[in-house]
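Read through the structure below, which is laid out as structure tokens, and then see the notes.
The chains referred to below are lettered A, B, ... by the order of the sequence lines, with proteins before strands, and numbering in each begins at 1.
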Amino acid sequence: MSSSNKRQSVLPRMPAGPKAPVNFSSSITIADSALLAGKHTINIGSESVVHPRARLDSALGRITIGRRCVVHERTSLGAAPASAPASDPTILNTQGGVTIGDYATLEVGAVVEAGGTVVGEGCVVGIGCRIGSGAKLGKHCTLTPLSEIQPGEEVPDFTVVYSNGTRRLDRRGITELKHKAQARQIEVLKRLIPSNPTKFQ
Amino acid sequence: MSRKQVKGEYIETDTGNKVARKAILIGTQHIMLGGKTVIQAEAMIRGDLARTAQVPSSSGAAPGSNTAVAIGRYCFLSKGCCLRPPGRIYKGSFTYLPLRLGDHVFIGEGTVVQAATVGSHVHIGQKVVVGEFAIIKDYVRVLDGSVIPANMVIPSFSIVAGQPARIVGEVPEGGHEAFELRELYKSVGNNPQPLPV
Amino acid sequence: MASSTGASLPHRALSSLRGTGGHAASQGTPGSPHTPTRPLSSALGSPSSSRADDDVVIIELGSRRMRIGFAGESAPKRTVSFSPEQQRRAGDFRAWEAGFEQDWRKRAAGKPCGADHELWQLDVRGQDLGLVADKLERELRDAFYKYLLIDSRPKKFTLVLPPTMPLPLLSTVLDTIFNQFQAPTVSLLSSPVMATMAAGTRSALIIDMGWHETTVTAVYEYREVQSWRTIRAGKLLVEETYDFLSQGIQGRPATARTERTENRSEKDAVSFEECEEVASRMLWCKRAAKEPDPETTEGLATVHEHEEIETTPPAEDQTPMAIPLKSCKPPKTLKIPFSELAEPCEAIFFETRLSPSCFDDHELPVHLLVYRALLQLPLDVRAICMSRIIFTGGCSNIIGLRGRIFDEVLLLAQERGWDPVRGKGVEQYKANPKLKRNGGRQAGDGPMPVIVQQASDGSEAEANTAPVRAAHLPQEPDLVEKLIRKESNYKPPAQGTLRAIDSLGAWCGASMTTQLKVPALATVDRELWLQHGVLGASRPSEVDVKSAQRQSMGPSGLMRGQASSQTNNWTLGVWGSV
Amino acid sequence: MASFTPYTYIQCPCHDTTTTTTTTSQSRPAEDAPSPTSPHSSDDDDDDHNFDPRAPRSNYSLYPLEYLLWCDVCHQIRCPRCVAEELVTIYCPNCLFEVASSSLKTEGNRCTRSCFQCPICIGPLAVQSLESAPEPSLLSADNANTATTPAGPWILSCSYCNWNSSEIGVKFDKPQGIFAQLQKLRHGEDSHSKHAVGGDTSPTKTDSVAATMKARFSAMRSFYSAQNAIANPSSGLGDYGFSSPGALSRIMSIYSGNNAGSHKQKSKGTMTREADSASEGFRALDLDDSSAVSQLRRDGWDSTVIGDQAKSQVEEGARFAEELWPIPYLLRTKRSKRCPVCRHIISKPESKVANTRFRMRLVANTTIPSISIKPFNPPPALLKPLQPVQYLLTFRNPLFDEVKVTLATPATTPGRFASRVTVLCPQFQMDPSTESGMYLVDDALKDDNKDIQGRRRRGTEGGTHQAEAGKIWERGHNWVTIVVEVVPASLSLEAPPALLRKEGEPEPDLSPLKEDEDVLEIPMFVRLEWEGDVSHDQMSTSTGKEKDAREKKELAYWCTIGIGRISQE
């Protein structure tokens, strides 16, 4: 054991400018070190969990997260589209924010670009995935880690994107079970992650 | 954090760990460092995701202590990598289980590790994703950009790559020494030694 | 499910003997109790190396594929398909780097299409045989250590080779096996014969739709009678697919390829790999324009049933099929009407647009080639072969292709009969009322006409033709026939009608043959090869005779010896003729 | 692409004719025996022997240093191609269970427990009950003993691409011994089965060749051997036309009917026939593909099998996705390696699967100096054509003896684009290593200090400190750094300047740039000479038994050094 556990993990620098307007359900769990920014509203539905270092940026439009979603660490919602000029993302014509359906899971380091991007109900966005601006994921899609969805692309329900973009249909038909599992996971996360909604309100 | 800036970017512990000040260790009471381990800036360890359900030690938990992430000696966690314990439904309730790293484990930049165990002398490249409950044995090289699916077992002396990862080669007899990280350990820190030519 | 478990009890018992469950069966081991081959082999095999005998390694060699496995097993353990990635230096894993797929153009640059995917070209001139040897060796090593799990103790080998194998290649292959893998002996078998064997027959017409060539080989009583070739095969098809796709990418409709072939300037619209992928996945083949009347055929009983079910016949189906292409830039998804996906096959294998007269000998459409082959066969050989047509080779897997070829041949047979002479003269001759009876016969029952000039070249088959030619005279009672029919074992051989049969494939044939200790066509001995390898390659007959004699000294050699000496004269005819 | 890491490949002498060694004359591998040439002869043919690393064949003989082994007795490099391998352990890479080599014959080359790969994405498959959620995280890695999960039916499911075996209608009634159950489903009552059974026990399958191949094979095999028995049992397959006495007598019996009666026995014996019923493995080809056609129409591209998927299948012939079966894991082996010449073991791993130690491990990098390449000053991403660049090659001596190194490179690199190469110091001595393989930490530190000084010196004098011909650039306690100057060729596709071209070179082909042709690779002939202990072995001919004798040793080989990419404008 080392001094490393004596020291406290440094808190990330808060983004400059005013706090983003937020609209939290009372039952959410949001880690202290999550990053919220932007001028549009950020809605988070009941019992959803936001891990530390998750970044929600509503600069380009409102961000809506449904019920019982899990947003893992280092995910970035509402990121400026890769195509947009870094200097001033707002001039990008693709206005609009990000909508995350109920029971969706955004794994570590997933990036969902702003611009009316939709992640459907029950989707699992794998580690390090990137969803292009304006893309629309149908219900219960699975993106395996490091997959990419092109901007504006429409992905039908139950699509599995795997092995560098190959696609197939998810024929398991176990959405109910997945929802149960999700709920159980959230119960645990509630206990593990010290939640601090007030900080953002 | 600014106040300590003068003392260099790393904190060097008495057991020889070199932990960057910009490293993000959450739930440090659940993190075990074996010593001589380097944790670079932006590297993240989710110690807070500790086991909640009590699991018989058969599943590899050290009795008593509730360690979430155990790291051996001479490990090297590069910038922006992330270690998090794997979680699953166990006996009807969800729980996280510990993540264990052996000695001389190199983890590349931006890599996310959710394995159950990673053996000794393992090199994991950049932008790799190690799925939940994967088991990586000793002397394994994971090439950049691989995605190791959940529950995959990788035997010793394998070279794996691909999405999903598969075994694409064997570590040759002469390649064992390349896994040693002592030199690399010396090459970082507040007064780094250059790597020998 | 339940039924299978219930029925599987004996199997369980068997597996319980073997510890873990039913692989005994799964790997088709010679040891499975029901086969009488065990005692047989032990009787014939040399007592000392009985296990080594079981471990004969069988290699079926093609220019694109190589099948490797053990004798007596029902399937090869490893099927290699040669690709550029296997030609990298050891420890070069660039194929797994990100973005490797994208820059395929650099890799393809400056090489003929798909050259990296071939082990050899049929044209040996200017080919680096050493490179062939290297490729072969690496693949064999890989297969042995990763798939067959055998170490480098010497093993016997059996090679299954296409009859068109050039001698320099053959010698290269043998050199590699003898030098790199210390094989004591290598037996040679020819793939058509083995395919026949694996169909359960002794004679057949093998239509091998391979990569470089489509070969039609008539096999009679396990020996090649004659072989015909055309270049209309996989390679052409893939190139055609390339044109087809690049058209689609440029948005132009798949026009007649005469115009298309001109603008094949840019070679890198789509990668070879993707062309082949499309060719193997999406291409299909239309039915023959006009259907043959079914009753004259056996194998085709079921041909017509699906017509009613389908709303529109596939040929007219315009519904666009999505084909996602990654290698073209930008990546795009082609929408190609289903019917057009039949075009490449149409163009390559049948070429119905052009009249038969305008083809060169090496580029005959397949159906014409088959018909012509049958036509040139001696009468009785034809009678036997025509009802034992076997399709092999990669291209034969294209949906509908086999049926189409068969139908086309059937059509030809029906409208022309088996009369090599065509044209006005024949018409008038048939029209001539005096010869009505004869003519009617010729036109009518296709299979069994009189063809005097044909019978002359029927070599060993000459003898049998006598009764057949007598077909026109009133039949007189034949003692022998009666006697034969008395045989318990006797079944009248199917002949005279066109019939396609299914073969397990040359590899399985060889696997069976070797396990049953059938003497190979030629058995080359290591020592001899190392002594006069090159000479052997140039004049194989010598080496093989020698090796045969050497063989005959060995255990169970008598049969081998006599057999291979017997077989030499015609066996090596196959490779010698090349 | 822009980032290029320099590399060194060594050509195993088993492929090169200029292998030279003084200890023993039999130091060449068994294959393509090269005539052992004396060092001198090789001396003078160093230069004119041009080895082209770009030649397609070189890819098969070039190895990174760590792939090479070393035979102490023969005193020679051994590459994966020129060693004899022997199986030590066979095990399943997934469940890590050891398999007895004896059972290979009966059980085949794949894991026969419950280890399968996904036919779609070849990820690992896990057994799980259909009732419980096939959530990937539900399963521990060793799925065989998830006894807690509810009872079956059970399926195999892929945690990566979400495929599961119910998609092809395959379910299991118990979670163990999946392999056996699957075999049953697939091949019916395997060897005992008649063709028909094989077909219809796999309900979801069309009666495809793949599904019934095994059954047909065994049926046909038994048919043949039955015919064989009927025919004169003495000669194996005498009547299948191979050995003609059988065939001959058959014909005789046909055309001389009367005495056939007397030869009843004979004729009966020789009367064999062809297979003609399904029970004999015979099958008429069903030429009607219209079902397949309509399926293709209906389901399109996504329903068809990807080439790689088809290749990874155990049996060939799958066309549509639902014809794909789970792939049992290929077994993996631990192998020991022998020198093919002297039969001495040069590498032998511990037999236990879990044990990663080696009983014997003679690797080449304990003898051959490692070469590391650094640019003299931090380089541009790409080398500028026709602009001289200097590189630092550092040789590190792993031996305990002082080693004399002699380098030789062709003046210009072979191939279409000839870059000029100059080794400023082609001959030097390397001090002995204090310890083989890994050297002590403090040693390393000493080195490092040296390095620092070296660098500092270089830093201060900057450009003024010139690399002079014949002078070593830098040396450490067991390493030496020398300078190599290269003038990259221009990659323009018009014929290169005459002076850069060697005589007798054919007219340059102007075909577009091939893969890696823009990489500047230097073929370099390395010869090492040192005084070493007499290799204590019985076979070494000349210097036999007497201990602690020193003998002059020499080793020479070609290697190729990848310096960097040449920019293409």
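Looking at C:Ser511, its side chain does come within 3.5 Å of a backbone N or O of C:Gly72 through a donor-acceptor pair. Using modelled atom types, no side-chain atom of D:Glu280 and backbone atom of C:Gly200 make a donor-acceptor pair closer than 3.5 Å.
Residue D:Leu87 touches chain C through both its backbone and its side chain, counting heavy-atom pairs closer than 4.5 Å. Residue contact with chain C, scored on non-hydrogen atoms closer than 4.5 Å, is absent for D:Pro328. Looking at C:Tyr147, both its backbone and its side chain come within 4.5 Å of chain D, counting heavy atoms on both sides. The contact between D:Arg57 and chain C is made by backbone and side chain atoms together, counting heavy-atom distances below 4.5 Å. There is no contact between C:Phe144 and chain D, counting heavy-atom distances below 4.5 Å. At a 4.5 Å heavy-atom cutoff, the contact between D:Leu296 and chain C is made by backbone and side-chain atoms alike. Within the 4.5 angstrom heavy-atom criterion, atoms from both the backbone and the side chain of D:Leu331 approach chain C. Contacts between C:Met321 and chain D at a heavy-atom distance below 4.5 Å involve the side chain alone, from C-beta outward. Heavy atoms closer than 4.5 Å to chain C are found in both the backbone and the side chain of D:Tyr60.
With a 4.5 Å cut-off on side-chain heavy atoms, C:Arg89 and D:Tyr67 do not count as touching. With contacts defined as side-chain heavy-atom distances shorter than 4.5 Å, the pair C:Phe391/D:Leu285 qualifies.
Ranked by non-hydrogen atom pairs under 4.5 Å with chain D, the options C:Thr79, C:Asp92, C:Thr201 are led by C:Thr201. Across C:Ala199, C:Ser280, C:Gly505, the residue that shares the most heavy-atom pairs under 4.5 angstrom with chain D is C:Ala199. Considering only heavy-atom pairs separated by less than 4.5 Å from chain D, the leading option among C:Pro76, C:Pro324, C:Cys285, C:Ala133 is C:Pro324.
In summary, D:Lys337 and D:Glu86 do not engage in a salt bridge, as defined by a charged side-chain N under 4.0 Å from a carboxylate O. A salt bridge does not link D:Glu85 with D:Arg338: every distance from a Lys NZ or Arg NE/NH1/NH2 to an Asp or Glu carboxylate oxygen is 4.0 Å or more.
For C:Lys146, the side chain to side chain contact (heavy atoms under 4.5 Å, CB included) criterion is met by C:Asp142, not counting sequence neighbours. C:Asn397 is linked by a side chain to side chain contact (heavy atoms under 4.5 Å, CB included) to D:Arg319, counting only residues two or more places apart in sequence or in another chain.
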